[in-house]
Amino acid sequence: MADSPDITSVLTEGRVFPPPPEFSRQAHIKSMEQYRELVAQADRDPEGYWGARGKEEIFWKTPFQKVLEWKSPFAKWFVGGTTNLSYNCLDRHLATHGDKTALIFEGEPGDQRRISYREMHAEVCRLANGLKSLGVQKGDRVGIYLPMIPEVAVAMLACARIGAVHSVVFGGFSAEALRERMNDAGAKVVITSDGGWRKGAAVPLKGNVDAALPEMPTVEKVIVAQRTAKTAPAKGPKDILWNELVSGQSATCEPEWVDSEHPLFILYTSGSTGKPKGVLHTTGGYAVYVSLTTRWVFDLKDSDTYWCTADVGWVTGHSYVVYGPLMNHATAFMYEGAPTTPGPDRFWEMIARNKITILYTAPTAIRAFMRLGDEHPKKHDMSSLRLLGTVGEPINPEAWIWYREVIGRGRCPIVDTWWQTETGGIMVTPLPGATSTKPGSATLPLPGIKAEVLDKDGKPVPLGSGGKLFITRPWPAMLRTLYKDPERYANTYFSEIPGKYFTGDGARIDQDGYLWVMGRVDDVVNVAGHRLGTAEVESALVSEGRVAEAAVVGRPDELKGTSLVAFVTLKKGVEPTAAIKQALSAHVAKEIGAIARPDEIRFAEGLPKTRSGKIMRRLLRDVAAGRQTTGDTTTLEDLNVLAALRNEEE
Ligand code: ATP
Ligand code: MG
């Protein structure tokens with residue numbers, strides 16, 4: 001284990017919000033007693049607990065013989081079982097929910113489609129038959145490069161139906177990122193569309209595929225859906241139009257019953273801390289875990305209209321836009337475009353009009369909306385909302401409170417869900433009918449999940465202290481490996497403490513056992529002998545009131561070893577002045593102490609983020625030190641932001 005002291009926590013956030021009694025009464029998990037009983041069951045007999053969940057959650061064509069086979073660091077779950085995820089998302093519900101709306105789709109231009117479970121099933125079967133007609137077989141890899149339109153869910157489910165392995169590439173990625181991922185997967189087919197609407201313009205997806213195609217030797221066919229063009233897109237030699245492929249195909253297709261450990265998808269991490277990792281998930285364990293967590297964490301009911309704003313290009317889109325809601329015969333809302341097109345209230349207007357009941361989004365979006373001002377959400381009647389969720393980054397208490405008050409009008413519980421591409425599903429989170437929440441804390445691990453904060457000797461830190469966050473027991477939705485790179489898998493996740501999954505994140509555990517994720521261990525700043533997590537200093541900056549977003553990094557300093565540099569984005573209409581810098585510095589000193597006072601504060605119009613919206617502090621470290629950018633920038637959202645930060649320096 002690396003020889004480093006543990007992480008010092010400086011944040012003190014004392015607010016506590018118990019679940020509203022009327023929410024608890026109707027919830028799937030109603031009380032802490034119920035939660036604790038489940039935790040105790042799972043701790044007494046983890047395999048018994050997961051075995052029972054495995055049988056309850058999904059349909060198995062052949063029952064599994066053994067719950068877990070753990071040859072550290074490699075796991076097999078529900079060994080010997082066969083199943084099919086598309087069957088579990090669709091066929092299983094046809095008798096009881098066939099006419100229920102599975103998906104309400106809204107395009108950026110305002111077009112709407114409602115697709116029932118029966119219609120979705122037919123679409124998926126047609127495409128599955130179409131893929132088979134192109135020679136796609138069980139185990140073949142299929143690339144999916146589509147906007148947020150229903151076809152993306154249909155494509156994923158069609159792959160799952162025939163046992164093909166999908167690799168979804170976010171539609172905002174370039175031709176180069178697509179090429180890398182498709183070549184890594186050895187994709188046989190790519191499914192794309194002519195384009196997708198974003199900020200009023202058509203994103204040229206097909207153009208990017210065409211640009212990458214000469215260098216994607218394994219790709220034999222490109223399936224092209226029509227979305228933005230008025231006429232059918234032009235066809236190259238490898239192209240086939242989606243409509244032509246599916247027309248004439250049967251609307252039934254026998255699912256391929258695959259082994260529980262059959263690969264389901266490859267998906268790349270966001271690249272916040274380095275080159276993205278190609279995470280491999282398999283079928284049975286993922287399905288069981290995602291089905292269960294969707295119902296418990298979002299307290300999902302048949303009467304809900306659930307909206308997770310994540311793009312399917314990220315794991316959140318896989319687990320909680322497509323698979324989780326469909327396994328629970330839910331009605332999910334899907335939106336194609338930008339959050340502020342045509343106006344800054346697009347989200348709120350859609351929530352009001354579609355009577356959305358559950359909203360799951362990211363801190364980066366919440367901070368962006370805060371920056372735009374309260375008047376936009378306040379214009380709309382969002383009384384349909386009953387639950388709010390966040391994922392992706394630590395949420396600053398300030399943003400959490402804003403979410404609660406301005407979006408949830410003080411009525412809705414908030415579930416701050418901590419998890420990763422690698423974990424497949426939510427790991428640490430409140431259960432909204434049971435857990436009292438604290439702004440900025442993801443609270444407690446789900447039953448069956450053993451999340452521990454360990455010190456440098458691998459021992460649990462005392463309550464109130466910080467350390468590294470590990471998951472110390474296998475769980476059904478864990479990644480099985482990094483695609484074609486089991487060695488990197490073992491090194492990245494299981495070498496810090498042999499046999500224990502290292503998350504890469506730092507966390508603090510408070511007196512109540514609540515977890516506070518403090519950011520990446522890579523981002524921890526060593527100041528005067530204290531190792532500080534970035535999240536806490538950033539939260540202090542944001543709580544000053546005029547700051548929309550902040551990122552804190554360390555810069556090598558001859559005297560102190562490391563000095564703290566804060567990059568700060570101000571709220572709309574606030575003028576950057578030297579007086580604000582002084583006020584911010586004093587505020588941090590007051591909130592968390594003089595050691596966390598930034599040595600330098602820089603105002604920025606924007607911060608460098610991944611395409612999934614996460615702040616890339618590793619790039620800011622280079623900027624702060626006046627170095628050239630080192631490391632991978634393929635997932636950077638906007639190169640101009642980096643250039644602007646460098647110019648401001650001069
Ligand atoms: P890479 O692994 O390539 O650096 P990434 O870690 O950003 O990218 P993801 O798997 O999309 O890729 O993100 C998982 C990470 O996001 C977690 O490890 C954690 O740092 C952060 N995260 C997610 N949810 C939360 C949350 N609720 N609170 C705090 N941090 C969170
Ligand atoms: Mg990661």
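Values in this document were obtained by computation on a predicted structure and should not be read as measured data. Values below: all heavy atoms of this structure, side chains included; hydrogens, waters and symmetry mates excluded. As the structure lists them, so they are numbered: ligands from 1, and atoms in each ligand from 1.
Using a cut-off of 4.0 Å between Lys/Arg side-chain N and Asp/Glu carboxylate O, Asp523 and Arg621 are scored as salt-bridged. Under a 4.0 Å N-O distance rule, the pair Arg411/Glu405 does not qualify as a salt bridge. For the pair Asp512 and Lys438, the salt-bridge criterion is met [side-chain N within less than 4.0 Å of a carboxylate O]. A salt bridge between Arg386 and Asp304 is present, with a side-chain N of the basic residue lying under 4.0 Å from a carboxylate O of the acidic one.
The salt bridge (charged side-chain N to carboxylate O under 4.0 Å, His left out) pairs that include a residue from residues 359-372 are Arg367-Glu393, Arg367-Glu549, Arg371-Glu605, where partners are two or more places apart or lie in different chains.
Annotation: ligand 1 has protein neighbours Thr269, Ser270, Gly271, Ser272, Thr273, Lys277, Val391, Gly392, Glu393, Pro394, Asp416, Thr417, Trp418, Trp419, Gln420, Thr421, Glu422, Asp505, Val517, Arg520, Lys614, each with a heavy atom less than 4.0 angstrom from the ligand.
Aromatic ring centroids of Phe502 and Tyr493 lie 6.0 Å or more apart.
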